[in-house]
Amino acid sequence: MLTSLFGWLFAQYRDSRRLLFGSRWMNLHGRLFLGPPETLGLAEDLIGENVRRTYFYLPTDRHPPTDERAFKKWQKDQLYATQTREASQPHVALGASLIGVALCTCMTLAAAQLSNGTPPIPLFAGGGSAAVAKPDQKQCEQAVLAATRAQRMLTPAELAVCGQ
């Protein structure tokens with residue numbers, strides 16, 4: 001029981017050559033978002049079927065053949081596939097980052113549209129109260145009218161009544 005649990009969690013304790021979940025996950029997403037290895041420049045005449053099939057797998061799941069002649073060809077094919085992987089890494093990283101930023105921005109804008117009441121940004125800006133006092137329109141008009149008749153500027157108390 002304990003050995004099978006370790007084999008499930010850690011690659012070095014596995015008994016069989018079953019694919020890790022990470023290899024299946026990487027293969028699915030690699031083929032879905034990047035396309036098959038043929039679209040990346042790994043044509044059928046360049047590398048063997050085994051290397052093309054395992055292109056998106058984790059390195060622990062890329063098993064070499066046991067035959068000496070096939071091993072030499074596999075080694076050359078893996079070298080070419082590794083060069084292609086390393087050349088595409090910056091582009092894949094940039095694309096994933098831009099998609100992540102766009103997704104986070106869209107989710108933030110959607111949350112702001114769906115929220116009722118105060119916008120979410122002032123709540124995190126350090127404001128203690130979520131509710132903002134609204135000025136009384138009638139009292140503000142009376143204060144402005146009184147200041148205009150007396151030909152003076154509004155006092156701080158009158159400005160506070162007007163919400164400024």
Side-chain angles (χ1 to χ4, degrees), residues 1-135 159-160 162-164:
M1 169 82 178
L2 190 59
T3 309
S4 64
L5 180 64
F6 279 140
W8 184 69
L9 291 173
F10 304 106
Q12 64 265 28
Y13 294 115
R14 288 190 302 166
D15 293 333
S16 65
R17 287 189 156 197
R18 275 188 23 207
L19 279 178
L20 288 173
F21 175 74
S23 289
R24 290 188 207 124
W25 185 261
M26 297 283 283
N27 191 35
L28 170 75
H29 285 85
R31 291 184 186 277
L32 183 67
F33 294 118
L34 299 176
E38 291 83 15
T39 61
L40 300 172
L42 300 172
E44 292 180 24
D45 57 341
L46 238 60
I47 62 171
E49 173 61 31
N50 185 26
V51 175
R52 268 187 286 115
R53 184 178 43 82
T54 62
Y55 180 76
F56 293 111
Y57 287 2
L58 296 173
T60 57
D61 282 334
R62 296 183 204 135
H63 304 293
T66 55
D67 181 28
E68 176 108 13
R69 176 178 263 175
F71 177 73
K72 292 286 185 192
K73 178 165 178 19
W74 179 85
Q75 202 171 22
K76 245 191 250 185
D77 293 348
Q78 276 294 358
L79 181 63
Y80 188 68
T82 301
Q83 288 172 344
T84 306
R85 279 186 204 99
E86 288 180 5
S88 65
Q89 274 180 345
H91 305 292
V92 171
L94 179 65
S97 298
L98 291 177
I99 288 172
V101 167
L103 183 65
C104 288
T105 303
C106 290
M107 288 172 38
T108 302
L109 292 174
Q113 288 291 327
L114 295 175
S115 69
N116 294 332
T118 61
I121 302 301
L123 295 177
F124 297 112
S129 173
V132 179
K134 295 182 180 177
L159 285 173
C162 291
Q164 296 177 3

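For the single chain, residues carry numbers from 1 onward in sequence order. These values consider heavy atoms only, across backbone and side chains, with no hydrogens, waters or symmetry-generated copies.
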So, using side chain to side chain donor-acceptor pair (under 3.5 Å) as the criterion, who are the partners of [X] when residues are at least two apart?
X	value
Glu49	Arg52
Arg24	none
Thr84	none

inquiry  = Using the side-chain contact (heavy atoms from CB on, under 4.5 Å) criterion, which residues pair with Leu159? Sequence neighbours excluded.
reply    =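 Counting only residues at least two positions away or on another chain, Leu159 forms a side-chain contact (heavy atoms from CB on, under 4.5 Å) with Leu154, Gln164.
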query = Who pairs with Ala87 by side-chain contact (heavy atoms from CB on, under 4.5 Å), at least two apart in sequence or on another chain?
reply = none
Rounded to the nearest 0.5 Å, how far apart are [atom1] of [X] and [atom2] of [Y]?
X	Y	atom1	atom2	result
Leu40	Glu38	CG	CD	8.5 Å
Arg85	Leu42	CZ	CG	8.0 Å
Thr39	Leu34	OG1	CG	7.5 Å
Arg31	Asn27	CZ	CG	4.5 Å
Asn50	Arg62	CG	CZ	11.0 Å

query = For residues 69-84, which residue pairs qualify under salt bridge (charged side-chain N to carboxylate O under 4.0 Å, His left out), counting only residues two or more places apart or in two chains?
reply =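 Sorted pair list: Lys73-Asp77.
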Pairs touching residues 87-105 that satisfy salt bridge (charged side-chain N to carboxylate O under 4.0 Å, His left out), sequence neighbours left out = none
message = Using the side-chain hydrogen bond (donor to acceptor under 3.5 Å, both in side chains) definition, which of the options Thr54, Thr60, Asp61 pairs with Ser23?
response = Asp61
task = Give every residue pair that meets the ring-ring contact (aromatic ring centres under 6.0 Å, His included) criterion with at least one member in residues 27-58, sequence neighbours excluded.
result =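 Residue pairs passing ring-ring contact (aromatic ring centres under 6.0 Å, His included), neighbours aside: Trp25-His29, His29-Phe33.
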Under 3.5 Å, which donor-acceptor pairs do the side chains of residues 91-107 form with other protein atoms, sequence neighbours left out?
| residue | atom | partner | partner atom | Å |
| --- | --- | --- | --- | --- |
| Ser97 | OG | Ala93 | O | 2.9 |
| Thr105 | OG1 | Val101 | O | 2.8 |

